[in-house]
Number of protein chains: 2
Amino acid sequence: MAATLREVAERAGVSVRTVSNVVNDFPQVAAETRAKVQRALDELGYQPNAVARTLRNGRSGLIALVLPELDVPYFAELTRAVIEQAAVAGYTVVVDQTDGDPVRERELVMRGSRAAMFDGLIFNPLALGDADLRNRPSSTPVVLLGERVVQGGLDHIMIDNVGAAELATRHLIDLGRQRIAAIGDQFDETRRTGQLRTQGYRAALQSAGREVIAELVRPVEFFHRADGAAAMAELLALPEPPDAVFCYNDLLALGALRTILSRGLRVPEDIALVGFDDIEDGRYSTPSLTTISPDKNQIAKNAVQLLLNRLDGDRSDPAEISAGYTLELRESTTGRPV
Amino acid sequence: MAATLREVAERAGVSVRTVSNVVNDFPQVAAETRAKVQRALDELGYQPNAVARTLRNGRSGLIALVLPELDVPYFAELTRAVIEQAAVAGYTVVVDQTDGDPVRERELVMRGSRAAMFDGLIFNPLALGDADLRNRPSSTPVVLLGERVVQGGLDHIMIDNVGAAELATRHLIDLGRQRIAAIGDQFDETRRTGQLRTQGYRAALQSAGREVIAELVRPVEFFHRADGAAAMAELLALPEPPDAVFCYNDLLALGALRTILSRGLRVPEDIALVGFDDIEDGRYSTPSLTTISPDKNQIAKNAVQLLLNRLDGDRSDPAEISAGYTLELRESTTGRPV
DNA sequence: AGCACTACTTGCAACGTTGCAAGCTCAGCA
DNA sequence: TGCTGAGCTTGCAACGTTGCAAGTAGTGCT
């Protein structure tokens, strides 16, 4: 097993170089020689050694997608889009999950040790920030996703969180809701998403002449269903519960929905809900979830394109791309179809 | 950037070998030399070249997890478990998505081209079967997951699909349901999961003295929410709709649930539902989903352990491990807590 | 017959790393 | 002074591949 060029060459009675020429389909090989070598290749079940090729050629054909959590549907769906885009260009994508652990992020992205097996990285950081990324010793090109980093000197794709959150909140205002809550605020400096969406939430309320009521803005540790369910329970325990909630992602909204329904309340009649991410779960929940839908395909396409440009030697200034989004109206705010 | 040992050696005025000794913390280096070299390392921002190391050492420290679909929550959750297990042993896991495409599966698993970058593979095949896998030319160890392959001559971890499906169906029988349907049957030879679960479904009905009604066993193309929703619509359109449905995975069940609720029917009062996989979505749906819960941690642990054994040179006969499962009772069959 | 040219094949070196064994320097001791 | 050995450093070779340039043989032309 794991025959090498040399072993094949010995068996076929030709030089290593000639075997390589056959393997790589070089035209300058006599038909007879080619047949002889091919037979030896088949007999030994030769498979080229990818590591040696990579060392020699400087290209592995592998791109790593480094994400916080794969079991968060948004990331799983984004992954699909990235894989499709990269396949078009002949690249294989492998995914790595960091859990936002700074140690793992650093190991994968900063130290060449593991990262250098890949031609490039698409990285959604949670722990690492501007400072870390600026003095990255490795020269493997990186494209950043998400809002964690503001000024990293690297290509960067994000969405306008403030604007999107404002749009979601304004939708609830337009529905005539009076006490609009928010679930997903975050204080930790490594979690900027929550802060930005709170900004948008406040902006929408203020520009509608509404007051921002502190107790209606609930912080969470993670953007998971359990956090949404817990935060919603707190909101329902208030003397004056909300009649609408903007959840900073769909998982929070699905958790909140579960809590609301389990109390016998109705959505949207008693409480309207808006989520963020447009994951598939939200289209099949009952009621289905009104949500901000980021253009995942655009994000993936841009990320892969920027990375490929860098691999082709593009030395231009880092790009900063803001991907599009729309508000998808569904039953959790519009009510069930009759 | 991307300084090499040689460049560091020149700068420090020592040999390449000495720099390597410093980098690898060999004891036999004079303190003064070490300091000098360290300075050069820092100044040049040296990072070891992982590809060259792998070529030299024959180990990359990377394991590939090759799965059909990452945006199927079961796989995403399994991935988390595998990553955790592998991390214990110092291995990094990268995930690759095949979509069950035979070309991609072959490229990743059969041809060494891409696979050989990894020390081992954990592979859940859809397209490749026994015949393909038996004459795999690559010598990278592989552990198989799932039911696609029966006799591949490779380590293999599965669950007892027939028994689990029987348990799920019997639960519905025990609830006194009269017309128990099944969603998820499959005919394609590459999709054995559906066939096995149908076997279990039939076995349960027969051992309870029930007839198997053909029109109540609905086939699907994929195990996705949309397929479940469509199949449920067909069932509801029957002259005598079912009063219980065993869905072959939770996504199908969630799709079916959506259809049922959208018709104004109640779960479980009108129709009881059982799923399979125990994904997080099913715990937060309303009603929450009774489901077969495969022991994902056991699957992951065994898979990683078997693979590591092979990497350590274990040459024993391929293992065939059946992972455990339980039936998780939730609201979709037991009703809401009052 | 001699030469040029085509058609094919080959050896060398290098990608960046590390195991091995040999090398050097110097202190300590007889 | 010469020898031993400890302490440290080094050169060589190899992992498996491919670019480069040079090599060989054979054909056709003059």
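Lettering follows sequence order; numbering is per chain, from 1.
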* With sequence neighbours excluded, tell me which residues meet salt bridge (charged side-chain N to carboxylate O under 4.0 Å, His left out) with A:Glu69. => B:Arg80
* Covered region of DNA chain D, 5' end to 3' end, by chain A [heavy atoms, under 4.0 Å] -> D:dC15 to D:dC20
* What parts of residues 13-23 of chain A reach DNA chain C, counting only heavy atoms under 4.0 Å away? -> A:Val14, A:Ser15, A:Arg17, A:Thr18, A:Asn21
* Could I get the full list of ring pair (Phe, Tyr, Trp, His ring centres under 6.0 Å) partners for B:Phe222, not counting sequence neighbours? => B:His224
* With sequence neighbours excluded, tell me which residues meet salt bridge (charged side-chain N to carboxylate O under 4.0 Å, His left out) with B:Glu147. => none
* To do: Not counting sequence neighbours, which residues clear ring pair (Phe, Tyr, Trp, His ring centres under 6.0 Å) with A:Tyr74? List them please.
  => none
* To do: Test B:Tyr91 against every option in B:Val82, B:Asp119, B:Ile83 by the side-chain contact (heavy atoms from CB on, under 4.5 Å) rule and name the one that passes.
  => B:Asp119
* Structure fact -> By salt bridge (charged side-chain N to carboxylate O under 4.0 Å, His left out), B:Glu320 pairs with (sequence neighbours left out) none
* Structure fact -> Numerically ordered, the residues 25-34 of chain A set in heavy-atom contact under 4.0 Å with DNA chain C is A:Gln28, A:Val29, A:Ala30, A:Thr33
Distance-only check: which donor-acceptor pairs under 3.5 Å involve side-chain atoms of residues 303-311 of chain A, not counting sequence neighbours?
residue, atom, partner, partner atom, Å
A:Gln305, NE2, A:Asn309, OD1, 3.2
A:Arg310, NE, A:Asp155, OD2, 2.7
A:Arg310, NH1, A:Asp314, O, 3.0
A:Arg310, NH1, A:Ser316, O, 2.8
A:Arg310, NH2, A:Asp155, OD1, 2.9
A:Arg310, NH2, A:Asp155, OD2, 3.4
A:Arg310, NH2, A:Ser316, O, 3.1
A:Arg310, NH2, A:Asp317, O, 3.2

* **Pairs involving residues 13-22 of chain A, ordered by first then second residue, that meet salt bridge (charged side-chain N to carboxylate O under 4.0 Å, His left out) (sequence neighbours left out)** => none
* **salt bridge (charged side-chain N to carboxylate O under 4.0 Å, His left out) pairs, two or more places apart, involving residues 23-40 of chain B** => B:Asp25-B:Arg34
* Partners passing salt bridge (charged side-chain N to carboxylate O under 4.0 Å, His left out) against B:Asp101 (at least two apart in sequence or in another chain) -> none
